[in-house]
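In what follows, a structure is listed as structure tokens, so that the remarks can point back to it.
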Amino acid sequence: MELRMKRERSPSHNNKETLKAAKNPKLIIQPRAPAVEQTTNILRRDLWSEVIKFLDFHTYFTIIPLVNTFFYQLSKDSVVTLEHLEIEIELRKARVKKKHDCKKENKYLKPYVNLLQKARNLDKLRLYIRNSDYRPSIRCANQYNSILSGIFPKMPWTQNLKVLDFSMKNYNNVLFKEVLNYLSSLEVLKLTFSAPFPTALSYIFCRFVDPEGLKLKAQASNIIFWNRYNEKICHPNSVPFTPLKELTLKYYFSYSASIAENNIFEALDKNLSLTKFTLIFPSTVNIDNSLQPKFAYNQTMRKLRLSNAFQFSYESAKDFSFYLLGNKALKSLSISKSVLKAKDEFFTAVRNNKILKKLGLEPYEETSDSSLDINTFVELMDAVGDSTLTSFKASTSAFIRRNLNFVFHFSVETVPDHVLYKHSKYFIEGVQRMLTNNLGLRKVWLSVDAMPRERLDEFADVVLRILSSEQSKLEYFNGFPLKGLMNDTINTLHINHRYRFLQSTNKELIYDGDSMILTIMLCKIIPFCRNLRYIDTGTKLQRKDNIFNQINPGIIDIEQIKQTANEEHEFGFEIYYKDVPAIIGLILLLTLKGNNMIKNLNLSHTDCSCLYLVIGEILSDMPNLVTVIIEGMAHMIHPISHKLMIDILSNSPSLHELVINGITFNLQENDQIFTSLIKHPSLMKLEISRLNVSSTVSAFSNEASIGDLLKKTNLQILNLSSSSFTPLSLELLANGLKSNMALKELILADINLAIPNEGLASQTNGGDFNFWRNKIDCLLALSDALKNNPYIEIVDIRFNDIPSSQLSVPNEINQLFLDNLKRLLDTNSRLRVLNFIFPIPPNFLMKYSELLLNYLQSSPNLEVLNNYNIKSMVSNEFTVLTIKHYHSNRDDFDSFMAPKLSRVREAIYCHYAHFGTIATIMPIILSQIYKENSNKITRVKFLSKEVQTNVLLNKKKGESNLDLGFLLKETQPPDVTFILNCLSTHKFTQHLDFTGCVLCDIDFEVLGKNLPCMESLRSISIRDIKPARNPYLSHILSNTSLTSLEISKVNFENFDIKDLPMNLSSHPSLEVLKVTNCDLLTKSAMIKKCEDSSFKAVLSGFKNSKIIHLDLSGNEISDNELKKILKAVKMHQFISRLVIQQHEIRGKDGIVELASMLCDPAHPLKELSLSSYTWSVSDIQNAKGKLDLSYKLLSATDLIILSTMLICLQLKKVHGLDLSHNPSLFSEPHGVSALLDLIKHSPISSISLQECCLNEQEDRILHEIFVAACSSLETLSLGSPFTEQQLNSILSALKSSPKRLKKVNFSPCRDSKFKALLTEYIEQSGSNWILKGYNLWLK
């Protein structure tokens, strides 16, 4: 019948309710009126039950019924009649950054539980629980445990269920008692868990195998079963016994102790109901030797399969052989090869047991037993030949001693002695005798570890000859129905999706015997299979192409593939099915053998590592083939890759394009492959990755070199990325490039240089300078070879590692590279991609950048420059510009999962910018392109921060100050260069602040190019910067509109300042110069780097400049240097303000001279600051009455200046001076002498010295001060609590000196003792002074 396409809905249907129900699985839909009446009568219910078995359970029973009443009614009625049901439940993982929600998991499982309750007649249940990668908490695990274990007691079919196949790989959270105790009719039990817990294994055997023995043991030791959460399960005495017919236990992880504690073989030997038993562990698990397979009485077991982890001793192997000899029930046996320790007894049992039909011997791990050899294996095959076995499986890897170092042999035909080489003929004769003597064998699986190539054909012929015999019943060999294929009776070939060649136990896959033999056999059979139409892959393949059967998407239609290949003239696994199993890929290729319509063959993304055996034969029958692409073929390494290449070239005479990536090739500098390539004059494109070129063994070789490849062919595209070269091979390549003008694309990305006789450690990460100098020579040779090529369009040359940051490239080499690059750019206007990574030093970076920027302006074809998509930047295709820091290193690439090397590969994002990488040579170019094409870009994303375009380009007129110290914080050096190169767009910025920046020489050079473009710039502040590589400091003066320059806390030893005096003197507008806290004179480089070795040489250049404000604060200046400053200031015509703030002046001559210049009306100097106070002539001249300088923190230097100014100016309007509260006024001896000069020679009549620490001076100095004050002053204010001795000196001076002084003020002193001393002294001496309060008045 056919269902109508359009669904009919009931009148009560509501769209909103339907959507709400679909989003919330908790909603249980009530029965509705079916859209079509009596739908279940259209097809019988038993047939619907069969249909449901092939449908997806979750979709059919939980989603569709929510939105379609027809399927709801159908599923409701059909589930009742189900007898066999397979359910796969995936426990969902939590959302990102959210905790796992147990309640939601419960809701997710409820629909399954509800529908399972309806299956009342269920006879067989396959329940597969698959957990997500997210591991839930213990609470969530208990929730799963409760839900899953709660299914079984509530189900109506628990008493009738006979077959249970339960798999839960990731967690063992199911309570065994709750799950298994209610299944009283169970006959077949299959359990797949992650680990065999001892109590769980004991419970299973006690419940289903042998309860009596384990109960007695449990009673003696008082065993109680517990689960992993310390919850009591049950006591063995309370476990009801249910005899099983078949028991299968599979564990993915195990522990030897958990098995050894249970003597399972004793229980199995006594069991009378079990006919099939399987116990499988991982092959890497070694069970305790005390637990060995032991059977003596059991005559009901028909199938026994034990993990190869169960090892036999000689005694146990002998006993088991006697048991096998007398057994009349066992038909299938799979055990460890260690049973051959008693090989004579075992061979006798195999020959004489007529009941045994299937025998499998598998090795334990991949180690061989010293007692076993290939002769033992041949004897085993002889015993099988004399038996009645119909199926036999074994592996030769158990009988061969292994040597893991033989993979480095250079020839495919050279096989080490331990491989089946010396005994291969003897082995093949044994196979022939086995197949000839036992004609009843139907299935044979011989896992051959390795075999020489010349013996493979002989082996295949022996097997095929037996298969073609009418008397032989052999049908399957190594899992394939070869006889059916030979007889052309198979229409659909069923392939187990788990079978791949790469599952062989042999890890040296270049000698994988299994894949080799099958490859040769299939090559001889498949081309003659005319009836073969489909391949059943065993999986559901969902592809957009129509090569799969529409009913079952897991079936490949071979005829459809052939038709599509003929129509499109190409075949490729990537087109039809990516990562197709190797055997399917091989069969598909063999079916296309002889197709003369295919022009393009793409063998990418297949693991057919034995393709090299038959590729020549396949390609020889494709005469019109022009393109061969092989990428991502795993385990294809030397030497078989060499043979693969030779076979492709030898059998494809019309080849135009050859692409082989992800395969290792070891070639000599003169190699047969180069010779074969030269013989293809039509070859236009050659792309080979992972090419390892080594030195030629013989100096005289008849083979061609890589240079001959370019000289003698018309190659247009050459891609040798991720390859390793010798210096000679790169030199030969460069010589070939000079004579090849047809080449359009040269890609040598992520290449490596291998120097013969050099250690590997010195050839990685730029650790050896000489080694990287060899690389530079190679890069220089390649640039020289390309400089005259006007036709090349793509150049990608870069090594896979980085040089050391201490590598020094001579300037001659750098200039030669730039000359070659300039010649290439001048000659060639067709370049689309230019990735030529040369370790450009910073001093050549500006030339390099200007060279490429000029080419970008003149050539519109360039799209990619040094891995940056320039075209997308110019066309404004994005709003965020990401400046990545690239680091090229082979260790960062996944060799087997690398992207296509034919494309321009993006480099790896790293956390630092290293010298010689793309990050350090591109910032100027990128920023220049960004400035010119920033219409749509809103922000720039650097390594550690993002910056808005408005800030970088200063598009806001209101922003006049730019704090580069904050903007450049936590940025890499290339990012700093990028940002500084954007300053030319700052039309409104008036002030730049470089506080705390880390700048190198290229940054100052960039400033020299950008600062002149800042029209509004007026001031620059450079504070505490950390330069690198001695940059030119004079670049900061490149802006002619600059009026103020401040340099603070800068060590001039780290700069090149030889041009600074000349630039300062020639600057047209600089008015303010501040050089503070720089150790400018006595310690640092200004003296050392100037020709005159003094600051005079610097200031002498100022005579033509217009600097008005000169600030030299914070620099230690001696008297001698101060004199030199004085001379320089005298010569200068514009300096009106001089600031030298420091406090250690040992002489006052220089200070007096500066102060005198300050008072000279003919000198431009009008302001002076030698301490914390700035002296202005205008302020002093405009003062009237009392000059208040209190609380100014004046020093002795300031007192000298003040004294000199007052003496020189002789101000008539100023009669008083207040110097109170300046504690440092007399800290130097020069302060006292300056005060004396001030008192004696200035017109000041009143001075206040309160809180100036006069009481700390000597008595003699106080006496001198008061003597001078008595003769020159009228009023003197002290205000200090002097001692009695100091007071005697003061009063004695007052008594003996002239009497101009009229008042001495000691207030605000409040010392009563001091007042008493004054009173006593006046009364006793009869002085002319009287005391009023704390003031002395003259009578």
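Since we're looking at a predicted model, the values are computed, not measured.
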Rounded distance [0.5 Å steps], [atom1] in [X] versus [atom2] in [Y]:
X	Y	atom1	atom2	result
Ile1036	Asn1063	CD1	CG	9.5 Å
His1035	Leu1037	NE2	CG	10.5 Å
Leu852	Phe836	CG	CZ	12.0 Å
Ile794	Ile717	CD1	CD1	7.0 Å
Thr938	Glu946	OG1	CD	9.0 Å
Phe994	Leu967	CZ	CG	10.5 Å

Look at the side chain of [X] and the backbone N and O of [Y], then say whether any donor-acceptor pair between them is shorter than 3.5 Å.
X	Y	value
Ser1069	Leu1042	yes
His986	Thr989	no
Ser783	Leu821	no
Ser984	Cys1013	no
Asn814	Pro810	yes
Ser927	Ile924	yes
Asn600	Asn602	no
Asn835	Asn866	yes
Asn981	Thr977	no

Residue pairs passing the ring pair (Phe, Tyr, Trp, His ring centres under 6.0 Å) test where at least one lies in residues 775-796, sequence neighbours excluded: none
Any non-hydrogen side-chain atom of [X] less than 4.5 Å from a side-chain atom of [Y]?
X	Y	result
Met873	Asn933	no
Ile929	Val874	yes
Phe799	Ile837	no
Asn789	Leu737	no
Leu952	Tyr930	yes
Leu730	Leu733	yes
Val976	Val998	no
Leu953	Ser934	yes

Hey, is [atom1] on [X] packed in by over 12 heavy atoms from elsewhere, all under 6.0 Å?
X	atom1	value
Lys945	NZ	yes
Lys847	NZ	no
Lys931	NZ	yes
Lys987	NZ	yes
Gln857	CD	yes

Could I get the full list of salt bridge (Lys or Arg N to Asp or Glu O under 4.0 Å) partners for [X], not counting sequence neighbours?
X	value
Glu932	none
Arg1018	none
Asp993	Arg1023
Arg832	Glu745, Glu793

Polar side chain donor-acceptor pair, [X] to [Y], under 3.5 angstrom:
X	Y	value
Glu687	Asn661	yes
Asn1030	Asp1056	no
Arg830	Asn861	no
Asp819	Gln815	yes
Asn752	Asp801	no

Verdict with reasoning, Leu1011 to Leu992, per side-chain contact (heavy atoms from CB on, under 4.5 Å): CA-CA 10 Å; Leu1011 291 180; Leu992 291 180; 3.6 Å; yes
side-chain contact (heavy atoms from CB on, under 4.5 Å) assessment of Trp772 paired with Leu753: CA-CA 9 Å; Trp772 245 97; Leu753 188 67; over 6 Å; no
Residues that Tyr855 engages under ring-ring contact (aromatic ring centres under 6.0 Å, His included), provided they are two or more places apart: none
Pair Lys787 + Asp784: basic N to acidic O under 4.0 Å: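 Salt bridge: yes.
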Ring geometry between Phe838 and Phe817 (parallel below 30°, tilted from 30 to 60°, perpendicular above 60°):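 Ring orientation of Phe817 relative to Phe838: parallel.
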Determine the minimum heavy-atom distance between [X] and [Y], stating which atoms define it.
X	Y	result
Leu748	Ile751	O-CG2, 3.4 Å
Ser1019	Leu1017	O-CD1, 3.6 Å
Pro1027	Asn1054	CG-CB, 3.5 Å
Ala781	Ala734	O-CB, 3.8 Å
Lys744	Ile792	O-CG1, 3.4 Å
Leu999	Asp1003	CA-OD2, 3.5 Å

Steps toward side-chain contact (heavy atoms from CB on, under 4.5 Å) verdict (Leu962, Phe988): CA-CA 10 Å; Leu962 180 60; Phe988 310 106; over 6 Å; no
From CA spacing to verdict: side-chain contact (heavy atoms from CB on, under 4.5 Å), Arg798, Asp750: CA-CA 6 Å; Arg798 44 198 165 95; Asp750 304 308; 3.5 Å; yes
For Leu980, the option from Asp975, Ile1002, Leu1007 that meets side chain to side chain contact (heavy atoms under 4.5 Å, CB included):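 Looking at Asp975, Ile1002, Leu1007, the match for Leu980 under the side chain to side chain contact (heavy atoms under 4.5 Å, CB included) is Leu1007.
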